[in-house]
Protein chains: 2
Amino acid sequence: MSRLSKGNLLPQTAPTPWATLGPASINQGQCPVRDVLDHIGDKWTALIVLTLKSSPSRFSALHRAVPDISKRMLTQSLRNLERDGLLSRHVFPTKPPAVEYRLTPMGQSFLRHLESLVAWAEENHPAVREARLRFEAANDEG
Amino acid sequence: MSRLSKGNLLPQTAPTPWATLGPASINQGQCPVRDVLDHIGDKWTALIVLTLKSSPSRFSALHRAVPDISKRMLTQSLRNLERDGLLSRHVFPTKPPAVEYRLTPMGQSFLRHLESLVAWAEENHPAVREARLRFEAANDEG
DNA sequence: GCGAAACAGTCTCTATCTTAGACCAATCAT
DNA sequence: ATGATTGGTCTAAGATAGAGACTGTTTCGC
């Protein structure tokens with residue numbers, strides 16, 4: 001049995017079909033937008049890619065590096081990433097098994113775009129927090 | 001570090017390169033990375049920002065433009081975006097109420113980064129689909 | 001030798017989140 | 001008067017994420 005092939009771990013739910021009909025505003029051609037967004041849109045995927053930035057990591061190392069993630073979601077996200085060709089998985093049949101995950105060239109090019117987003121986040125984080133305070137204040141007195 | 005003393009393939013330390021503030025900050029809402037990612041990580045938020053790209057829209061128009069979204073999630077995502085200062089909400093007390101949502105300058109700067117990600121998606125979509133086929137094939141023949 | 005720990009996952013149960021869609025009050029077209 | 005449109009809110013039901021117990025193997029401490 002191939003790993004994870006039939007358990008309930010990876011629900012293969014049908015993706016939202018908004019790509020097929022579509023308002024021109026988002027959806028000019030096909031819908032690659034869906035493809036990106038559904039993946040970085042996974043709360044953990046982008047974090048994992050970012051974590052693999054400088055060096056490949058093993059499952060447990062990743063689990064420690066992204067503290068809040070559950071093993072289940074880590075496995076699932078890793079699998080999606082592997083499936084899409086953004087990372088590769090190498091199993092070393094050592095004493096205790098070792099599995100190494102590393103970004104593919106495509107994964108690395110994706111990473112660069114993620115990083116530009118991260119840079120934006122770092123720049124704008126103060127402004128965002130300020131906006132939040134203003135918003136809460138306006139709401140409290142309402 | 002006792003096992004793997006001779007294998008020694010990978011560092012076992014957690015890299016967390018995406019947390020410039022250190023690992024502790026990740027859990028405390030201080031991490032700007034999490035801040036961005038948790039928001040575009042919302043399946044709908046990025047789509048809304050992209051939809052607002054060229055012109056402000058009213059609630060119903062947005063609802064039509066992003067067909068699969070429920071009113072509830074649209075409202076919620078819009079509120080989050082407003083709260084964070086990425087878009088502004090203007091109510092016109094007309095006959096039937098009209099509410100206009102438009103990107104703030106900060107929202108627009110965020111949009112530009114999103115668009116670079118979308119461009120990446122457009123470029124790499126074929127490769128991703130190819131990778132998926134390979135992956136499925138490899139799995140099927142188990 | 002025995003129990004524990006670490007490796008990489010997987011499984012189940014439960015908590016949380018999303019969705020669909022009814023509902024609201026006001027106003028306009030038929 | 002009926003129904004549609006406006007911008008939402010609320011609730012029940014269904015989908016999803018999270019915690020953590022469990023698997024099986026090997027090496028470590030005692």
What is the distance from [atom1] of [X] to [atom2] of [N], rounded to the nearest Å?
| X | N | atom1 | atom2 | answer |
| --- | --- | --- | --- | --- |
| Met73(B) | dC17(C) | CE | C1' | 8 Å |
| Gln76(B) | dC10(D) | CD | C1' | 13 Å |
| Asn80(A) | dA17(D) | CG | P | 10 Å |
| Phe59(A) | dT10(C) | CZ | C1' | 10 Å |
| Lys43(B) | dT18(C) | NZ | C1' | 8 Å |
| Leu74(A) | dG20(D) | CG | P | 16 Å |
| Phe92(A) | dT25(D) | CZ | C1' | 18 Å |
| Asp42(A) | dA17(D) | CG | C1' | 10 Å |

**Study point:** Pairing residues for Ala119(B) by the side-chain contact (heavy atoms from CB on, under 4.5 Å) criterion, not counting sequence neighbours
**Key:**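 Applying side-chain contact (heavy atoms from CB on, under 4.5 Å) to Ala119(B) gives none.
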Review point. Mind checking what makes side-chain contact (heavy atoms from CB on, under 4.5 Å) contact with Ala131(B), not counting sequence neighbours?
Key: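 Per chain and number, Ala131(B) pairs via side-chain contact (heavy atoms from CB on, under 4.5 Å) with Arg134(B).
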Proximity to the side chain of [X] - top-ranked nucleotide from [options]:
| X | options | value |
| --- | --- | --- |
| Arg89(A) | dG9(C), dT6(D), dG8(D) | dG9(C) |
| Arg58(A) | dA17(D), dC7(C), dG8(D) | dC7(C) |
| Thr75(B) | dT10(C), dA8(C), dT9(D) | dT9(D) |

Write out a two-atom table: protein N or O, nucleotide N or O from nucleotides 20-30 of chain C, distance below 3.5 Å.
none

Counting only side-chain N and O atoms of [X], is one of them less than 4.0 Å from OP1 or OP2 of [N]?
| X | N | value |
| --- | --- | --- |
| Arg64(A) | dC7(C) | yes |
| Ser60(A) | dC7(C) | yes |
| Trp44(A) | dT16(D) | no |

Point to revise | Hydrophobic cluster membership, Phe92(B) vs Leu52(B), 4.5 Å side-chain cutoff | key: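 No, Phe92(B) does not connect to Leu52(B) through the hydrophobic network.
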Practice item. Sequence neighbours left out, what passes side chain to side chain donor-acceptor pair (under 3.5 Å) with Gln76(B)? Give chain and number order. Key: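 Scan of Gln76(B) (side chain to side chain donor-acceptor pair (under 3.5 Å), adjacent residues dropped) gives none.
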Review point. Ser55(B): what forms a side chain to side chain donor-acceptor pair (under 3.5 Å) with it, not counting sequence neighbours?
Key: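 With neighbours one apart ignored, the set is empty.
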**Study point:** Charged N-O contact under 4.0 Å between Lys43(A) and Asp68(A)
**Key:**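 The answer is no: the pair does not qualify as a salt bridge.
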**Study point:** Listed once per pair and sorted, the salt bridge (charged side-chain N to carboxylate O under 4.0 Å, His left out) pairs that draw on residues 73-86 of chain B, sequence neighbours left out
**Key:**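 Only Arg132(A)-Asp84(B), Glu136(A)-Arg83(B) qualify under salt bridge (charged side-chain N to carboxylate O under 4.0 Å, His left out).
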Review point. Using a cut-off of 4.0 Å on non-hydrogen atoms, how would the nucleic acid contact of Tyr101(B) be classed: base, sugar-phosphate, or nothing?
Key: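 Result for Tyr101(B) = sugar-phosphate.
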